[in-house]
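Worksheet: one structure, shown below.
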Amino acid sequence: MPELPEVETVRRRVEPGLLGRVVHEVRAGHPKVFETGSPEELTGLACIGSRRHGKYLLLDFAAPEGDAAPRTLVVHLGMTGQLTFAAPASIEDHRFRRLPSGYQKPLGVHAEDRHTHLVLAFRDGARLLFRDPRRFGRILVLPPEGEGACPRLARLGPDALGYPLTDFVKRFLKERGARRVKSVLLDQGFLAGIGNIYCDEACFTAGIPPSARADTLTKPRVARLAEAVAEALARGIENAGTTFRDFVHPDGSSGHNQEDLRVYARGGEPCLRCGTILVKSTVAQRGTVHCPGCQK
DNA sequence: AATTCGCCCTGTCGGC
DNA sequence: TGCCGACAGGGCGAAT
């Protein structure tokens with residue numbers, strides 16, 4: 001489930017291939033994937049840069065000569081979204097799919113299939129593909145002035161990457177309410193980019209149970225939580241994202257942060273720090289793992 | 001007003 | 001072996 005580190009990894013790795021390339025042809029798949037605007041509007045435009053806000057990837061396009069109106073392609077990967085880039089001469093790998101035994105995948109770009117919902121074919125033959133079997137992902141095409149008016153983006157709080165710890169503490173204390181800690185961290189309006197994996201990991205590092213009521217945390221513990229969130233995200237990016245099943249880099253390769261996780265997906269296994277058996281439960285309607293020994 | 005619930009989706013996995 | 005229910009969960013609108 002692509003969260004901030006996964007999206008940032010995709011952004012960094014897909015941008016070099018996109019810069020300067022001009023969209024020649026657009027193929028769109030399932031209509032429900034497209035929420036606002038149409039990808040056809042990108043035809044003739046060149047990619048001039050990329051941004052990210054929380055889990056949203058924003059690709060900016062402008063006319064090479066400057067006569068057509070610019071557009072921003074907004075991509076949310078949802079649960080199973082994959083954004084891949086095929087260089088002009090690359091060969092499609094029809095074996096591109098998850099292997100039953102683990103996260104090793106053949107290198108290559110997936111062939112267009114029934115789950116491919118967007119293909120941007122560039123003039124030189126390169127292609128950007130969006131594939132999403134479960135279709136929780138969304139694609140929006142916005143004019144520059146449409147960004148502020150887009151409800152999805154407007155609802156987002158500040159991006160979690162590089163967010164000042166003092167601001168985190170201040171706003172957490174002010175906005176936490178009677179919710180559980182996990183509920184606050186997952187709230188994209190509070191902070192944009194944290195999902196289930198990095199939430200559980202940060203709570204473990206901070207020694208806070210995800211189910212604790214947010215309004216019971218003392219200020220020092222909130223400060224620890226802020227640090228833990230920053231640390232979890234930074235490590236996720238260093239490790240190029242977490243690949244359990246579907247997440248892939250634009251070239252089809254995998255992240256390796258899954259080897260560095262302390263609690264997520266480790267329910268029933270011993271805690272790496274104290275040996276206590278990790279407990280799996282449901283908090284804020286999400287599968288949650290924590291260590292009863294380390295998180296009190 | 002704040003918080004929780006139900007729904008959208010398909011592939012995978014465990015149990016029988 | 002094969003079928004089937006449970007599960008994964010981000011975000012949004014509805015319900016409480």
Side-chain angles (χ1 to χ4, degrees), chain A residues 1-8 10 29-36 52-57 74-83 95-105 110 113-118 130-140 149-157 159-160 171-201 203 210-216 233 236 241-248 258 261 263-268 280-289:
Chain A
M1 44 250 61
E3 306 176 25
L4 187 154
E6 287 72 39
V7 180
E8 178 63 15
V10 169
H30 201 290
K32 288 194 81 169
V33 170
F34 303 93
E35 195 167 275
T36 305
R52 182 191 52 74
H53 190 167
K55 304 170 192 173
Y56 289 84
L57 176 64
V74 181
V75 179
H76 191 290
L77 297 174
M79 288 282 298
T80 55
Q82 304 173 325
L83 198 67
R95 301 167 305 155
F96 186 94
R97 52 178 57 103
R98 98 177 63 155
L99 300 178
S101 53
Y103 28 80
Q104 270 189 324
K105 292 187 182 69
H110 69 74
D113 62 10
R114 69 193 188 98
H115 298 305
T116 305
H117 303 300
L118 179 66
F130 175 74
R131 181 176 183 271
D132 183 13
R134 212 173 296 176
R135 299 211 305 274
F136 273 30
R138 286 294 177 267
I139 290 178
L140 297 77
C150 172
R152 262 184 190 267
L153 298 178
R155 264 193 283 267
L156 296 178
D159 189 81
R171 286 188 54 236
F172 190 96
L173 294 173
K174 203 176 82 176
E175 299 171 29
R176 57 187 173 182
R179 291 180 288 172
R180 294 171 190 276
V181 170
K182 179 153 189 168
S183 175
V184 177
L185 290 183
L186 292 180
D187 180 356
Q188 301 299 298
F190 174 68
L191 209 53
I194 303 168
N196 208 25
I197 297 175
Y198 297 96
C199 173
D200 280 12
E201 292 299 309
C203 286
S211 59
R213 275 179 55 137
D215 57 6
T216 63
L233 296 176
T242 305
T243 298
F244 271 109
R245 289 182 167 83
D246 305 288
F247 173 67
V248 291
Q258 62 279 2
L261 298 177
V263 286
Y264 183 85
R266 295 196 63 243
K280 170 142 197 210
S281 63
T282 299
V283 179
Q285 287 84 244
R286 300 280 182 271
T288 302
V289 183

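Protein chains get the first letters and strands the later ones, always in sequence-line order, with residue 1 at the start of each. All heavy atoms count here, side chains included; hydrogens, waters and symmetry mates do not.
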| query | Which one, B:dC9, C:dG11, B:dG11, comes nearest to the side chain of A:R135? | reply | B:dC9
| said: Check the phosphate of B:dG11 against A:H115, side-chain N and O only, distance under 4.0 Å to OP1 or OP2. Yes or no? | reply: yes
| message | Taking 4.0 Å as the cut-off, does a side-chain nitrogen or oxygen of A:H76 come that near to OP1 or OP2 on C:dG10? | response | no
| field | By salt bridge (Lys or Arg N to Asp or Glu O under 4.0 Å) - contacts of A:R176 (at least two apart) | value | none
| query | If you look at every strand shown and take non-hydrogen atoms under 4.0 Å, does A:R138 touch a base, only sugar-phosphate, or nothing? | reply | nothing
| query | Would you say the side-chain atoms of A:N196 pair up with the backbone N or O of A:G287, donor to acceptor, closer than 3.5 Å? | reply | yes
| message | Main chain of A:R131, side chain of A:Q82: is a donor-acceptor contact present, judged purely on distance under 3.5 Å? | response | no
| task | For the pair A:F130 and A:H117, name the ring-plane relationship: parallel under 30°, tilted 30 to 60°, perpendicular over 60°. | result | tilted
| query | Which part of the nucleic acid does A:R176 contact within heavy-atom distance under 4.0 Å: base, sugar-phosphate only, or nothing? | reply | nothing
| message | Please report the end-to-end axis angle for the helix from B:dA2-C:dT16 to B:dC16-C:dG2, five pairs per end, rounded to 10 degrees. | response | 60°
| field | For atom CZ of A:F247 and atom P of C:dG10, their distance in whole Å | value | 15 Å
| task | Just say parallel, tilted or perpendicular for the rings of A:F190 and A:F172, cut-offs at 30° and 60°. | result | perpendicular
| task | Check whether any side-chain nitrogen or oxygen of A:K32 sits under 4.0 Å from OP1 or OP2 of B:dC9, and answer yes or no. | result | yes
| request: Measure the distance from CD on A:E175 to P on B:dA2 and round it to the nearest whole Å. | output: 11 Å
Report all interatomic pairs (protein N or O, nucleotide N or O of nucleotides 13-16 of chain C) with separations under 3.5 Å.
none

| query | Under 3.5 Å, is there a donor-acceptor pair between the side chain of A:H53 and the main chain of A:G157? | reply | yes
| request: Identify which nucleotide among B:dT12, B:dG11, B:dT3 has an atom closest to any side-chain atom of A:R245, counting heavy atoms from C-beta outward. | output: B:dT12
| request: Pick base, sugar-phosphate or nothing for A:A284, based on heavy-atom distances below 4.0 Å to the nucleic acid. | output: nothing
| message | For A:K55, is there any backbone N or O sitting under 3.5 Å from a side-chain donor or acceptor partner on A:E3? | response | no
| said: At under 4.0 Å between heavy atoms, how does the protein contact nucleotides 3-9 of chain C? Give one character per nucleotide, 5' to 3', with B, S or -. | reply: -----BB
| task | Rounded off to whole Å, could you give me the CD-to-P distance for the A:E35 and B:dC9 pair? | result | 13 Å
| remark: Rounded to whole Å, the CG-C1' distance (A:D132 to C:dG11) equals 14 Å
| said: What is the separation between atom CZ on A:F244 and atom C1' on B:dT10, rounded to the nearest whole Å? | reply: 20 Å
| request: Send over the distance from A:R131 CZ to B:dC9 P, rounded to a whole Å. | output: 17 Å
| query | Under 3.5 Å, is there a donor-acceptor pair between the side chain of A:R52 and the main chain of A:G54? | reply | yes
| message | Given 3.5 Å as the limit, does a donor-acceptor pair link the side chain of A:T80 with the main chain of A:R134, or not? | response | yes
| For A:F34, ring-ring contact (aromatic ring centres under 6.0 Å, His included) partners two or more places apart | none
| message | In this structure, how many angstroms lie between the P atom of B:dT3 and the CZ atom of A:F190, rounded? | response | 13 Å
| Which residues satisfy the salt bridge (Lys or Arg N to Asp or Glu O under 4.0 Å) test with A:D200, sequence neighbours excluded? | A:K182
| query | Any donor-acceptor pair under 3.5 Å linking the side chain of A:Q188 with the backbone of A:L186? | reply | yes
| task | Starting at atom CZ of A:R180, determine the distance to atom P of B:dT3, rounded to an integer number of angstrom. | result | 12 Å
